[in-house]
Structures are given as structure tokens and as C-alpha cells.
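Working notes, structure below.
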Amino acid sequence: MKKNNILISPSILAADFAKLGQEIVAVDKAGADWIHIDIMDGHFVPNLTLGPEVVSSLRQYTKKLFDVHLMTMPANNWLEPFAKAGADIITIHLEAESNVKESLKIIKGLGLKAGLSIKPSTSENTLKKYIEYCDLILVMTVNPGFGSQKFMTTQLEKIRNIKNMQKRLDINIDIEVDGGVNKETSKLCLEAGANVLVAGSAIFSEDAKNYSNLINSLRNHN
Ligand code: DX5
Ligand code: ZN
């Protein structure tokens, strides 16, 4: 059963890169809400993934929202290329731009949802200046750069504090969690106040016929 207030965004970083189109079709059919696409530049993070041309070529495989997580420094020069490639949400890192407010405005000006992410070492207090310009806050529960890392439970308090910030300000934003999210840690994230869960290895490391069960196991906890 699908709980409609919880959104699952499979991270294709853990998918089979030789058949990305088919992998996207498979998670779409299995009940994914969004498709999480990690863009790494080998500079902001010590890993390199893919560029706008690849995103553009994947656009034909699903109508689900493309949730683009930009781990590039700077971020601004990539906003328009990824918007043109078919992104629906672009999330930038607070640590990667000096004028974050301006970047968020550019994303919205391109007609997209604007997200802001912080690394585990960055305090949630830094978000206060920007939260009203955001549609989404992405809390990293691993150090960005690689999949299959261990979930940092120290970040749960951060999720709770952001949820309280949202309630206090009475604003409508998504709180997304990324890194080490699996059947067990997803429950902790939801309890802390998150409503969007990114999961890479917890979904794509198994056979495609299990994607639906795996996605459901992130949403439903008995
Ligand atoms: C890490 C990426 C994540 C990653 C998550 O920098 O932002 O989206 O793919 O992978 P798992 O779910 O395996 O931790
Ligand atoms: Zn990500």
C-alpha cells in the first residue's frame, strides 16, 4: 500500500549504468515517485558522474520528476543546462555557492523547484536565511560523493530541527534525506520528519523484480 505523503526517489547512482534507461523504466513501474540523479564534478566531491547530455537522453524513459542533486562547485553554471536537459527539481549545495539566494532564484526563474542541501558537517542553522526561498531541503546522511555508505544517525536531530523550523515558519517544503537510507533507517528518517527518501543501493543492488517490494519497504514499517 502506498502512503501518499511519503515520496521515494531512487538514486540511479547505484543502477546499472550500461542500461540506465531500462533501470529508470523499472523503478518507475515499481512505484518510484521521483528519479534522483547525482551530478558530481570531481571537485566539490571526489567523484565524477554524468552531465546534462546523459540526463537529456534519459528524459524519454519516464514522466516522473527528475530530482537533480547538484554536487558541483560552482553550481550556477550548471543550472540552465540541467533545466534544459529535463530536470524538474535542482538541489544545490549551500557549501558550493557564495550567493545561495541568487542561485535559488535562478532555479525558480527557470520554472523548476529549488532545493538546498547541506553536508553532515554543516549546521542546519545555516539554512535559516534561505529556507523561505526553497521548495526542498536535502539533508545528507553520508558525506556526499559515493553510494553505499553507512547512514549517520547523528543527522536525525538535524532533520527534527528542520521540521520544527518548517512548522514554526508555517511553510510548505519537502524534507528529503539522502545517504544510507534502507528499510531500517528510512523509519528513523520518517519519524524525524522527512517526507522524501532517496535510496540507491537499497533498491538497485537487488534484482529488478524486487524493486517494487524494496520501494514499499521504505514507505511502510510495521
Ligand atoms: C551520495 C549521493 C546519494 C547516493 C545514495 O553523494 O548523493 O544520492 O547515491 O546512495 P545510497 O542510498 O547507496 O547511500
Ligand atoms: Zn544524492
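In listed order, ligands and their atoms are each counted from 1.
Using a distance-only test at 3.5 Å, with no hydrogens or angles considered, no donor-acceptor pair links the side chain of Glu97 to the main chain of Leu94. The backbone N or O of Ile175 lies less than 3.5 Å from a partner atom in the side chain of Asn195, making a donor-acceptor pair. One N or O on the side chain of Lys64 and one on the backbone of Ala32 form a donor-acceptor pair closer than 3.5 Å. No side-chain donor-acceptor contact under 3.5 Å links Asp67 to the backbone of Ile35. Between the side chain of Lys113 and the backbone N or O of Thr91 there is no donor-acceptor pair closer than 3.5 Å. With hydrogens and angles disregarded, no donor-acceptor distance shorter than 3.5 Å links the side chain of Asp207 to the backbone of Asn210. Of the possible donor and acceptor atoms, none in the side chain of Ser11 sits under 3.5 Å from a partner among the backbone N and O of Val198.
Contact residues for ligand 1 (protein heavy atom closer than 4.0 angstrom to any ligand atom): Ser11, Leu13, His36, Asp38, Met40, His69, Met71, Met140, Pro144, Gly145, Phe146, Gly147, Ser148, Asp178, Gly179, Gly180, Val198, Ala199, Gly200, Ser201.
For the Zn ion (ligand 2), the set of protein N/O/S atoms nearer than 2.8 Å consists of His36 NE2, Asp38 OD1, His69 ND1, Asp178 OD2, ordered by chain and number.
Aromatic pair Phe82/Phe66: centroids not less than 6.0 angstrom apart.
Residues Val45 and Pro144 come closest through the heavy atom pair CG1-O, 3.5 Å.
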